[in-house]
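Keep in mind that this is a model prediction, so the values were computed, not measured. First the proteins, then the strands, lettered A, B, ... as listed; each starts at 1.
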Amino acid sequence: MSGKRFWRSVEEYQRSDAFSEMLKVEFPSIFELWTVDRREVLRVMGASLALAGMSGCKPVRSDDVVPFVNRPEGLLEGRTDHYATAVLFEGHAQPVLATTSGGRPIKLDGNPEHPAFRGGSTPFMQAAILDLYDPDRSQEPLFGGHPASWADFDGQMGNWRAAWRQNQGAGLRILIGPTTSPTLLRQIAELKSALPQARVHLFDPLTGYAGEAASPLQANIANAQVIVSLDDDLLGPGPMQATNARAWGDRHGDLDGSGRMRLFMAETTPTQTGAKADRRLGIPPSRLPTLAKAIAGGGEVTLTDSELAWAREARRALETARGRSLLTVGRFAPADLHSISLQVNEALGNVGQTCEIAAPLGFVPQAGDSFLDLIRDIEARRVSALFVIGANPVYQSPGDIPFAAIYAKVPLRVHAGLHVDETAAISNWHVPLNHPLEDWSDARSPDGLATIIQPVVRPMYDSRSVHEVLAALSADEVPPTRDIVRPTWAKQIGDETAWEAALKTGFVAMAQQAEQAAAPVTSATAPAPREGEVEIVIRPDPTIHDGSFANNGWLQELPKPLFKTTWENVVAISPRLASELKIDSGDMVRVDSNARTVDGPAWVLPGQPERVVTLYLGYGRKRGGRIGTGIGYDAYRMRNAAQPWNCTGTVRSTGARTVLAATQEQHLMDGEVEGLVRTVTREHPSARREEEREQDSFYAKWPQGKPAWGMVIDLDRCIGCNACVVACQSENNVPVVGKDQVARGREMAWLRVDRYYAGDPQDPETHFEPVPCMHCEQAPCEMGCPVHATVHSPEGLNLMVYNRCIGTRTCSSYCPYKVRRFNWFDYTSDAPSPTEAQRNPDVTVRGRGVMEKCTYCIQRIEDATVQADIENRAVREGEVKTACQQACPAQAISFGNLADPESAVAKQRRSPRNYALLAEQGTRPRTTYLARIGEKSDGE
Amino acid sequence: MAEHLLGYLGEFGTADALFDATKRAKADGFSCIDAFSPFPIEGMADVLALKRDHRIGWITLAGGIFGILAMLATQLFVNVDYPIEVGGRPLFAWPAFAVVDFELMILCAVLFAVIGMFVIIGLPRLHHPLFGTPRFGLASEDRFFLYIDATDPKFDRQETRSYLGSLGAWTVEPVRP
Amino acid sequence: MASRTPAIPLSETYRGITTEVARVPLQMPARVPWLIALILSLALLALFLASVTWLFARGVGIWGLNIPVNWAFAIHLYVWWLGLGHAGTLISAMLLLMGQDWRNSLNRFAEAMTVCAVICAGMEPILHLGRPWFLYWMFPYPATMGVWPQFRSPLEWDIWAVLTYLTVSVLFWYIGLVPDLATVRDRAKKRGWQVFFGIFALGWRGSARHWAVWNKTYRTIAAIAVPLVVSVHSEVSLLFASGQVPGWHSTIFPPYFVLGAAFSGFAMVAMIAIVMRHTFQLGHIVTERHLDVLAKVTLAMGLMTAYGYVFEVFDGYYSGELREIATLHDRFFGAYAWAYWGAVLCNFVPLQGLWVARIRRSPVLLFLISTSVVVGMWLERYMILVTSLYKDFLPSSFGYYHASFWDWSTYIGMLGLFMTPFLLFVRFLPSISIFEDKEVLEREKEAAAHG
Amino acid sequence: MPQIFSRTADSWLRAVAWGALLFAIGLFLVAFAFARSQYWDVVARTPLQPVPFSHKHHVTDDGIDCRYCHSTVETSANAGFPATHVCMTCHSQLWTNAEVLAPVRQSLAENRPILWRRVARVPDYVYFRHDIHIAKGVACVECHGRIDRMPLTYRAKAFEMKFCLDCHRDPAPHLRPRDQVYNFEWKPPPDHAALGRRLMADYHIKSPAELTSCGTCHR
């Protein structure tokens with residue numbers, strides 16, 4: 001069995017001494033008392049699922065029935081309803097289909113009708129539902145930090161309005177977070193005309209503080225044959241993730257060679273895109289422009305050999321695929337690179353094909369209305385009242401702007417938001433906003449379409465919509481939100497039937513509104529490091545993003561795609577630098593830049609450019625809710641207003657060490673991964689191995705049931721985005737267990753995405769492999785159970801009967817894939833009682849001492865089967881979709897009836913790329929994989 | 001003063017003495033006799049013609065057979081009553097079943113044997129006339145006793161007493177209810 | 001076996017033996033040390049109860065378990081305890097059948113030790129259940145849910161094996177005890193003792209008829225007990241061998257486990273023998289020759305176990321199975337190498353001392369060596385369990401196990417569960433077989449008489 | 001040596017021994033019986049309801065169809081509990097000020113639901129579906145008994161797993177033509193077995209193996 005050796009981290013690559021490791025870990029634990037803080041578990045559960053504000057109504061006994069007084073139209077008890085609406089991500093719409101049960105939203109999925117998203121999800125979209133039930137949401141207006149009523153606030157507003165009417169709103173400033181809501185834009189315009197002196201500033205920490213506009217080039221990779229990406233994480237977190245991933249999926253997997261997409265990625269820090277790229281190049285940010293010039297072919301540049309090779313090939317590829325190629329530049333790259341890509345794409349005739357020049361969708365402040373301008377005006381005492389709406393500048397301001405202090409200089413500070421966050425804490429007034437699922441609004445998805453956001457549940461707290469708050473600035477009488485939103489669409493959607501239709505389909509075509517296209521402000525390119533310095537790259541956290549998801553238990557516990565760490569952000573360091581500084585993953589390091597420092601746990605990240613250190617935003621919250629507060633380090637402190645994404649500085653070990661809650665262990669034996677993740681080439685597409693011919697069993701085979709369920713996962717399509725993991729968690733009531741438990745190896749996720757490396761740690765191959773239960777036909781786990789608690793169904797499901805399980809855990813010991821999870825404590829029912837609000841009523845909530853695992857979403861199978869059975873027919877192909885399959889934006893997962901030769905799974909199983917995990921164990925898995933297609937296969 | 005007499009108990013000093021005495025008593029035609037010793041005396045069983053008693057063996061065998069059949073029946077019934085596919089293995093997984101069958105065989109064999117033993121030797125019996133005789137307590141220490149029962153056809157109130165003496169008994173005691 | 005030095009010195013008399021053994025229950029010698037020991041073990045027992053209460057209140061999560069290592073202390077101690085127990089049965093049953101006279105001074109407390117150890121062993125799997133209150137689902141009873149236990153599961157085998165083993169050991173031990181209970185009953189002066197022993201002696205009279213039937217039964221059970229012991233630990237080993245986990249999936253496991261069990265068991269017996277003979281001055285009955293033979297048997301078992309080690313390594317490489325070899329390497333050099341080398345060290349290095357007669361006959365040295373063996377086997381069981389589980393197939397799910405405080409407290413507390421009943425036994429029951437020793441003496445006297 | 005035990009001691013010993021044995025057996029039998037008792041299965045008990053609703057009156061006397069109140073029984077897993085307005089469709093006309101109906105009127109007035117006590121209840125890890133059973137010709141009476149004769153509603157059958165299994169293992173005897181499902185007076189034809197076989201075929205009833213697979217009811 002020759003072939004490349006796989007490994008997963010540098011410790012393992014260097015095989016650091018295990019014995020000393022043991023001494024460290026084995027013996028302290030003897031003295032350590034149990035450290036599972038139940039209250040922590042509770043807190044975590046509470047934050048993740050608790051639904052506050054439900055109390056007050058009279059207690060309902062377990063065996064009570066609570067019928068309606070008047071049954072709402074079309075509502076069926078025991079059935080679920082679906083509503084097309086949207087959740088927001090960086091102000092962009094993420095069109096979703098909300099599943100409600102008994103009038104409560106319990107799950108979000110991508111809207112399958114939507115032409116761009118086509119049902120695809122992202123982890124953030126899936127997890128947004130948990131924010132709705134976040135018990136730490138602001139529940140009432142606060143004045144000076146003390147509970148007040150809307151009446152008080154409205155009274156005050158009255159006075160202020162009177163004053164502004166006098167001075168045309170002079171001194172009134174509004175600082176608004178990124179938004180694409182046409183209604184909001186309309187309202188802002190109206191406000192400006194009503195109060196000409198008032199000014200509206202944009203606070204968008206992920207685009208820039210100086211009012212930079214996003215790249216005018218709108219990539220549309222669906223048509224691209226060759227993509228050359230300069231630090232553009234197309235497949236990573238972002239408003240476009242789902243749409244890009246969908247396009248990616250369409251252009252990968254089994255298809256004739258021509259259709260396949262070729263991806264070049266030059267990245268300043270490893271990303272999912274880099275992991276999937278055909279040609280990847282790690283490059284320090286300071287050299288990125290040089291590389292860009294090289295590709296643009298402009299003038300003399302000096303490149304390293306590897307850079308040159310990469311640039312040559314990229315250039316050639318772009319040339320050969322004129323009109324079908326795309327040079328794209330990351331949002332974090334300096335603006336001049338954007339202009340370069342514009343030129344190149346125009347030259348190649350790609351514009352209009354794989355990208356177009358589009359006016360920005362979102363709110364763009366007038367010149368001189370940037371956040372920095374606001375700072376200037378405050379300093380100049382020109383601001384008498386500041387309304388911060390849907391933004392958190394106190395936390396998200398760059399380190400070189402002491403915003404808290406500056407903010408304090410404003411006489412009247414009003415904050416409107418979902419949480420009582422850092423900004424709310426030092427405002428005179430805080431007013432609670434609705435969650436998008438609670439009220440009317442609208443927003444535009446990155447592809448330009450608009451979605452009218454309709455409420456799927458009554459507001460749970462005494463909160464108002466952002467539209468009402470904004471309207472109140474100028475209008476004495478504020479109509480209900482629907483009546484604010486509806487007029488925006490009066491022209492386009494006249495009659496109510498059209499309106500109803502728009503709501504049903506969940507999107508509205510909309511002209512790229514030609515507001516003023518902001519002139520790109522040329523932000524300084526990344527500074528070159530001085531001697532002994534390293535370049536510092538600052539990025540949003542892979543799961544917590546800019547910090548707005550800090551109180552979301554699912555996303556906190558979601559392993560970061562590349563690190564597999566949870567519950568905190570790390571400092572990514574290149575393997576060489578690490579060995580140079582004698583740093584190991586988990587060692588605390590101090591990063592120092594412009595006399596500002598942060599301490600964070602190091603993570604030795606294969607593929608990280610040698611002298612580059614990456615910091616991640618979103619943690620170190622001071623008022624982030626019960627679980628978001630006080631974990632990780634705050635990278636905003638290291639940012640500069642002028643250059644938010646890059647700086648230079650030093651990094652050194654502090655000598656301290658922390659326990660990282662990583663879901664993949666560090667050490668690994670040689671050759672262990674042989675054949676677990678496989679790569680084939682288009683020339684040699686067979687992944688099956690000689691020794692894996694299915695040996696016949698000693699026993700007679702059981703009759704194969706109809707249907708025979710099976711799953712195939714296409715590793716060529718999988719981008720490791722984790723949408724499936726979160727979808728599974730929300731579909732199957734999988735509990736959140738907290739950092740301590742994860743650190744002890746007790747995470748509960750039924751579906752995990754394994755990450756493997758191969759090759760040179762400085763420039764490795766990265767592989768993702770989702771691992772659900774394999775539903776083995778000859779399941780070792782079933783043999784082990786003494787009480788028939790895990791058995792086989794005629795349809796080939798490996799059933800887990802929770803209520804029969806006595807917790808011997810033999811099944812897990814015998815499971816070669818270790819996909820089973822055990823309820824070590826009473827994880828779920830410790831959560832406050834209203835947690836049922838989000839739980840899926842069709843899935844049993846597991847108690848303490850019970851084993852659980854992936855069920856192929858048996859509840860969905862049963863629903864479909866029963867429906868078909870009622871209609872006396874067989875279950876149709878595609879009628880059953882597992883949660884992970886439904887969520888996958890890249891269409892990497894297919895599920896269906898193996899007994900039907902025409903079904904998608906049956907076809908894929910016949911593909912030469914099809915192989916089974918640990919086939920030699922003779923377990924005959926029902927879940928199989930399609931090998932990744934690479935430019936060189938294993939062994940080469 | 002003809003109060004009821006059950007028999008005579010003769011005390012001997014050594015195992016050999018008891019052994020010879022018993023042999024002679026047997027030879028002299030006494031049938032209802034018994035010997036008591038602190039430990040089993042080799043050959044004594046032959047003398048008292050107890051050797052050919054194989055009941056225990058049979059009882060044990062019966063127990064074993066009962067055990068194995070009972071468990072096997074259970075296992076088969078269970079898989080007929082509620083047939084469930086487990087790990088793709090056949091319903092009647094003989095090799096797997098054999099293990100527990102074996103255990104049950106042993107368990108029942110031993111239980112039968114022990115219960116059988118107590119039934120045969122008529123224990124427990126806490127109260128016994130012999131315990132009433134003054135020196136009998138030594139039977140569990142270092143003395144050896146020969147007992148001749150009154151129901152023996154050759155038994156005679158005077159004769160037997162002196163006969164025991166003639167066998168070399170150190171003391172001879174009457175056993176009374 | 002005909003040997004030069006008699007097991008019981010000819011100078012002994014029946015009465016001597018009786019009084020020497022019977023005085024232990026009747027007029028307790030060494031009250032103080034015994035009391036101290038009892039208090040200690042009661043303290044441990046309290047710790048055990050506390051740990052178990054906490055365990056049931058909160059769940060097995062209080063232990064250091066995780067996925068992949070979801071079995072650790074509870075299961076490896078289950079194997080360990082059961083192993084200790086085996087020597088008792090082997091000594092009294094096997095050696096009885098082989099007519100080894102020297103066993104007669106040891107079998108009684110060896111059996112008692114077995115009973116206590118098996119009780120502990122039986123507790124472990126119950127404690128480790130996620131929902132122990134549903135234990136009864138493992139038995140085939142007519143339930144309203146109509147579901148039955150699953151007889152293909154090694155765990156189901158184990159529960160029957162342990163149940164059988166416990167019952168058989170108790171019965172075997174008790175019927176062996178009955179004649180001695182009678183002896184003590186007749187020695188007892190106090191009314192209370194008389195009644196106590198009287199009831200348990202069941203009115204044993206030592207009649208030739210009793211002896212005849214008793215002998216047959218005793219030997220029959222002995223004959224059955226030997227295969228039982230072998231089967232029980234073989235089944236325990238199958239609990240591992242039935243899984244596919246590299247390091248478990250091996251055919252040599254059954255003999256390997258049985259031998260290891262006997263090995264640790266004999267060491268344990270030696271330890272107890274030495275302690276008792278010291279505290280209760282039983283030097284005449286548990287003689288140096290007993291220690292000598294015990295040591296020899298332990299040595300023999302040790303060497304066979306060592307063979308098991310060697311063969312396991314050979315097996316690993318011979319299989320050519322990538323993962324088997326990897327696991328093997330991991331045992332040598334991996335994170336838990338300390339367990340492997342610790343086991344090798346404690347099991348086999350001091351053991352070699354037993355080649356020397358002087359060491360065999362020196363109580364102190366023998367005691368130390370035995371202790372190291374018992375510890376060594378503890379480590380071996382831990383090693384077999386954890387080093388196989390923590391790195392099985394998919395590297396992504398590798399994970400370390402660290403014993404938590406409650407792992408240790410449950411284990412240490414359980415020592416109390418083992419010691420308390422044993423101490424009560426030596427205090428209140430004849431802990432050495434009186435009548436069997438008399439038998440030996442008788443035979444020796446005859447042998448002496450006939451030259 | 002004096003006797004330790006009196007003559008009667010043995011009788012006592014035996015008495016105790018036998019007593020213990022019998023007690024153990026008795027204990028098992030009692031447990032066995034209790035697990036099958038009406039008490040344990042909550043059978044034939046009528047909980048105190050906010051309104052003393054009589055199925056007998058509404059079904060037998062008034063001849064109201066089950067589906068009038070339990071409207072989702074054919075379309076959903078739940079049979080569906082009547083909303084207050086359903087009660088009031090009639091009771092706004094009849095018994096408009098009957099004392100017993102006060103809670104209903106109050107419920108409508110205050111728009112607060114009536115809290116009924118559930119009578120037919122399965123554990124939350126059991127996923128029973130009404131729609132499929134109705135569709136396959138399993139009558140209400142099979143599980144709910146002669147509810148049309150109940151002045152006060154009670155659980156007629158012991159909802160033990162065995163009860164479900166009995167039918168899932170051999171459905172034929174429990175089937176009837178779909179149109180007879182709500183008919184409590186339906187009498188099986190002389191050749192019930194034949195009918196059962198026919199319906200098994202017509203309704204595509206699954207094999208016992210499939211019907212008794214754990215996943216059919218547990219998830």
Chemist: Between Val147(C), Ile159(C), Leu389(C), Leu135(C), which has the largest tally of heavy atom pairs under 4.5 Å with chain A?
Modeler: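 Going by pairs under 4.5 Å, I would pick Val147(C).
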
Chemist: Using a cut-off of under 4.5 Å on heavy-atom pairs, state which of Arg821(A), Arg752(A), Met851(A) scores highest against chain C.
Modeler: Arg752(A)

Chemist: Between Leu918(A) and chain C, which part of the residue has a heavy atom less than 4.5 Å away: side chain, backbone, both or neither?
Modeler: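 Side chain of Leu918(A) only, per the 4.5 Å heavy-atom cut-off to chain C.
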
Chemist: So how far is it from Glu782(A) CD to Ser153(C) OG, rounded to the nearest 0.5 Å?
Modeler: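 One finds 12.0 Å between CD of Glu782(A) and OG of Ser153(C).
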
Chemist: Would you mind telling me which of Gly807(A), Gly849(A), Pro786(A), Cys805(A) has the largest number of heavy-atom pairs within less than 4.5 Å of chain C?
Modeler: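 Result: the option with the highest number of such pairs is Pro786(A).
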
Chemist: Could you check whether any side-chain N or O of Gln244(C) sits under 3.5 Å from a backbone N or O of Gln921(A), counting only pairs where one atom can act as donor and the other as acceptor?
Modeler: yes

Chemist: To the closest 0.5 Å, what do you measure between CH2 (Trp137(C)) and NE2 (His788(A))?
Modeler: 14.0 Å

Chemist: Quick one: of Arg820(A), Arg804(A), Glu747(A), who has the most non-hydrogen atom pairs under 4.5 Å with chain C?
Modeler: Arg804(A)

Chemist: Heavy-atom pairs under 4.5 Å with chain A are the metric here; pick the option from Val245(C), Asp158(C), Leu239(C) that has the most.
Modeler: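 Maximum pair count with chain A is reached by Leu239(C).
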
Chemist: What verdict does the side chain to side chain contact (heavy atoms under 4.5 Å, CB included) test give for Arg809(A) and His128(C), after you've listed the backbone C-alpha separation in whole Å, the side-chain angles of each residue and the deciding distance to 0.1 Å?
Modeler: CA-CA 9 Å; Arg809(A) 306 193 288 287; His128(C) 116 292; 3.2 Å; yes

Chemist: Does a sphere of radius 6.0 Å around OH in Tyr318(C) hold more than 12 heavy atoms from other residues, nucleotides or ligands, not counting ones at 6.0 Å or beyond?
Modeler: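 Count not over threshold, so no.
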
Chemist: Answer with side chain, backbone, both or neither: which region of Glu769(A) has an atom nearer than 4.5 Å to a non-hydrogen atom of chain C?
Modeler: neither

Chemist: CZ/Arg848(A) to CZ/Arg131(C) distance, rounded to the nearest 0.5 angstrom?
Modeler: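 Here the rounded value is 10.0 Å.
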
Chemist: Can you say whether Leu238(C) sits under 4.5 Å from chain A via the side chain, the backbone, both, or neither, judging by heavy atoms?
Modeler: backbone

Chemist: What verdict does the side chain to side chain contact (heavy atoms under 4.5 Å, CB included) test give for Ile62(C) and Trp824(A), after you've listed the backbone C-alpha separation in whole Å, the side-chain angles of each residue and the deciding distance to 0.1 Å?
Modeler: CA-CA 8 Å; Ile62(C) 66 169; Trp824(A) 301 101; over 6 Å; no

Chemist: Identify which of Asn70(C), Ile75(C), Asp407(C), Val69(C) forms the greatest number of heavy-atom pairs closer than 4.5 Å to chain A.
Modeler: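 Option with the top pair count is Asn70(C).
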
Chemist: Is any side-chain heavy atom of Ser812(A) closer than 4.5 Å to a side-chain heavy atom of Ile67(C)?
Modeler: yes

Chemist: If you look at every heavy atom in Gly784(A) and Pro154(C), which pair is closest and at what distance?
Modeler: CA-CD, 4.4 Å

Chemist: Indicate yes or no: at least one non-hydrogen side-chain atom of Pro395(C) is less than 4.5 angstrom from one of Leu676(A).
Modeler: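 When only atoms from C-beta onward are counted, Leu676(A) and Pro395(C) do touch, with a gap below 4.5 Å.
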
Chemist: Quick one: do Glu920(A) and Arg323(C) satisfy side chain to side chain contact (heavy atoms under 4.5 Å, CB included)? Show the steps, please.
Modeler: CA-CA 11 Å; Glu920(A) 77 279 5; Arg323(C) 292 193 174 78; 2.8 Å; yes

Chemist: Check whether any side-chain heavy atom of Val787(A) lies under 4.5 Å from a side-chain heavy atom of Phe134(C), and answer yes or no.
Modeler: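 Counting from C-beta outward, Val787(A) and Phe134(C) never come under 4.5 Å.
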
Chemist: Quick one: of Met138(C), Met145(C), His249(C), who has the most non-hydrogen atom pairs under 4.5 Å with chain A?
Modeler: Met138(C)

Chemist: What residue, out of Leu917(A), Val791(A), Thr808(A), has the most heavy-atom pairs lying under 4.5 Å from chain C?
Modeler: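 The option with the most such pairs is Thr808(A).
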
Chemist: Name the region of Cys815(A), side chain, backbone, both or neither, that has any atom closer than 4.5 Å to a heavy atom of chain C.
Modeler: backbone

Chemist: Roughly how far, to the nearest 0.5 Å, is OH of Tyr756(A) from OG of Ser396(C)?
Modeler: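 Taking OG in Ser396(C) and OH in Tyr756(A), the distance rounds to 3.5 Å.
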
Chemist: Quick check for you: to the nearest 0.5 Å, what is the distance between Trp63(C) atom CH2 and Arg744(A) atom CZ?
Modeler: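 One finds 14.5 Å between CH2 of Trp63(C) and CZ of Arg744(A).
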
